[in-house]
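Working notes, structure below.
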Number of protein chains: 2
Amino acid sequence: MNSDFTLAIHSLTLLALQPDRMSTSEYIAESAGVHPVRIRKVLSLLKKHGFIKSKEGTGGGFIFALDLSEVNLWDIYKITSEGTLQPKCPESNERCIVGANMQSVLFTIFLGAEDHLGEYLKDYTIREIVDLINQKE
Amino acid sequence: MNSDFTLAIHSLTLLALQPDRMSTSEYIAESAGVHPVRIRKVLSLLKKHGFIKSKEGTGGGFIFALDLSEVNLWDIYKITSEGTLQPKCPESNERCIVGANMQSVLFTIFLGAEDHLGEYLKDYTIREIVDLINQKE
DNA sequence: CAATCTGTAACGTTTATCAATACAGTATAG
DNA sequence: CTATACTGTATTGATAAACGTTACAGATTG
């Protein structure tokens, strides 16, 4: 699994805990243990889809734009990692019936697998994640 | 998704179509478009789990050991790719409640996701794959 | 206009993946 | 019993993907 996915979840969870003020990419990066630029890249995707708002300049940063229960892990997966599940087959031999058709057969199966995974991930919203984090404490 | 997974499926499908004779790693490699050594590595895992048999020396190679419908994609996933779904989080900040606990929360969720995926993959046996390949022709 | 932040592009480094080589072990054929 | 054709596996090297880092333009505030 793509680590953009976990960075997005991490960031959103952090924003969920700071509902009243802007959080900077540096603050989030320090919690997640990555470089601030990487946070900004991932969050710019989330912004594009309306999950968060951002503001430049002094006192700027990122803030949640929706209710916590309106964003689930499947939404985040689709934005950050769609197609990741799909195996990357090497170019196989077109003159062999298996080589020629395996890729499209697996592609179809993995499309189904991704949908199936989606049904599971939809059950976890950011609110659930926040609750699980708090339970750990 | 790990490409060992697709190589294993590819190899088993080929073996399924050659039930009466040994197939060499070179033959399989040519169909799959990879190096024979890679095929031998993947197939040695499948052998270890009893799905295929192998024989060294002249006239040797690999052959299916079970009925086609006794091997499904979840079996193959577990052998070649278990844990692949699990996201690799960077080491996050232990002094932050989110950083300290996110990894274990996600780990648990993804264990569930892998089980869920398993239920889907169990529905596809090598026999089904062979049928799908033949339908394409 | 100086300071602080996002937004992105570009570059370099590290890490994962894979091909390739090498060679020991084993079966078969003549 | 030796040449040939395989598997089995370790190791090395090349290629590609992931990630950190730097750089800088644009926006906002004081």
Side-chain angles (χ1 to χ4, degrees), chain A residues 1-8 10-11 14-15 18 21-49 51-65 80-81 83-93, chain B residues 1-8 10-11 14-15 18 21-49 51-65 80-81 83-93:
Chain A
M1 176 64 55
N2 195 328
S3 78
D4 282 3
F5 182 63
T6 63
L7 277 182
H10 194 122
S11 303
L14 220 48
L15 295 187
Q18 314 277 340
R21 51 173 157 162
M22 293 281 187
S23 305
T24 67
S25 61
E26 192 177 341
Y27 166 73
I28 300 169
E30 187 158 349
S31 167
V34 298
H35 200 277
V37 170
R38 215 150 113 60
I39 295 293
R40 296 207 287 272
K41 263 184 215 160
V42 172
L43 292 193
S44 84
L45 287 175
L46 296 177
K47 182 189 175 186
K48 201 174 298 178
H49 287 80
F51 295 140
I52 60 175
K53 287 182 277 196
S54 72
K55 200 169 134 193
E56 305 181 6
T58 305
F62 301 91
I63 195 165
F64 226 103
T80 61
S81 313
T84 302
L85 206 61
Q86 207 61 237
K88 20 193 174 329
C89 307
E91 295 244 337
S92 51
N93 191 339
Chain B
M1 175 65 52
N2 194 329
S3 79
D4 282 3
F5 182 63
T6 63
L7 277 182
H10 194 122
S11 303
L14 265 183
L15 295 186
Q18 314 275 340
R21 51 173 157 161
M22 292 283 191
S23 305
T24 69
S25 62
E26 192 178 342
Y27 165 73
I28 300 169
E30 186 158 348
S31 167
V34 299
H35 200 276
V37 169
R38 213 148 113 62
I39 296 294
R40 296 207 286 271
K41 262 184 217 158
V42 172
L43 292 193
S44 84
L45 288 174
L46 296 178
K47 181 189 175 184
K48 202 175 293 175
H49 287 80
F51 295 141
I52 60 175
K53 286 182 278 196
S54 72
K55 201 170 134 193
E56 303 182 5
T58 304
F62 301 91
I63 196 165
F64 226 102
T80 62
S81 312
T84 302
L85 205 59
Q86 205 63 233
K88 21 191 174 329
C89 306
E91 296 244 337
S92 51
N93 192 337

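Just so we're clear, the structure is a prediction, and the values are computed from it rather than from any experiment. We name chains A, B, ... by the order of the sequence lines, and we start the count at 1 in each one.
Per the geometry, CZ belonging to B/Arg38 stands 16 Å off P belonging to C/dT21, to the nearest Å. At whole-Å resolution of the value, NZ in A/Lys88 and C1' in C/dA16 are 11 Å apart. A straight line from OH of B/Tyr27 to P of D/dT7 spans 14 Å, rounded to a whole angstrom. The distance from atom NZ of A/Lys48 to atom P of C/dG7 is 10 Å, rounded to the nearest whole Å. Nucleotide C/dT4 holds its P atom 11 Å from the CD atom of A/Glu26, rounded to whole Å. Across the protein-nucleic acid pair, B/His35 atom NE2 and D/dG13 atom P stand 16 Å apart, rounded to whole Å. Rounded to whole Å, atom C1' of C/dG7 lies 19 Å from atom NZ of A/Lys53. Taking atom NZ of A/Lys41 as the reference point, atom P of C/dA10 lies 12 Å away to the nearest angstrom.
Distances were taken from every side-chain heavy atom of B/Thr24 (C-beta onward) to each of D/dC6, D/dT21, C/dC5; the shortest belongs to D/dC6. Comparing D/dA10, D/dT28, D/dG20 by their nearest atom to the side chain of B/Val37 picks out D/dA10. Of the candidates D/dT29, C/dA19, C/dG7, the closest approach to any side-chain atom of A/Phe62 belongs to C/dG7. Nearest to the side chain of B/Glu56, among D/dC6, C/dA19, D/dG20, sits D/dC6. For A/Val34, whose side chain is taken as the heavy atoms from C-beta onward, the closest listed nucleotide among D/dG20, D/dG8, C/dA19 is D/dG20.
Look at B/Ser44 and you won't find any side-chain N or O under 4.0 angstrom from OP1 or OP2 of D/dT7. Checking the phosphate oxygens (OP1, OP2) of C/dT28, a side-chain nitrogen or oxygen of B/Lys55 falls inside 4.0 Å. For B/Ser3 and C/dT17, the shortest distance from a side-chain N or O to OP1 or OP2 is not below 4.0 Å. For B/Lys47 and D/dG8, the shortest distance from a side-chain N or O to OP1 or OP2 is below 4.0 Å.
For the residue pair B/His10 / B/Ser31, a side-chain donor-acceptor distance below 3.5 Å is found, with atom types taken as modelled. No donor-acceptor contact under 3.5 angstrom links the side chains of B/Arg40 and B/Thr24, judged on distance only.
The closest side-chain heavy-atom distance from B/Met22 to B/Lys55 is below 4.5 Å. Proximity of B/Ile63 to B/Arg21: side-chain heavy atoms (C-beta onward) are nowhere separated by under 4.5 Å.
Taking for each of A/Gly59 and B/Leu43 the nucleotide of DNA chain D with the nearest heavy atom, the 5'-most of the two is the partner of B/Leu43. Remark on DNA chain C: of its neighbouring residues B/Thr58 and B/Asn2, the 5'-side contact belongs to B/Asn2, judged by nearest-heavy-atom nucleotide.
At least one donor-acceptor pair under 3.5 Å links the side chain of A/Asn2 to the backbone N or O of A/Thr80.
Judged by distance alone, with hydrogens and angles left aside, A/Ser25 brings no side-chain donor or acceptor close enough to the base of C/dT6 to form a pair under 3.5 Å.
A/Arg40 comes within 4.0 angstrom of a base, heavy atoms only.
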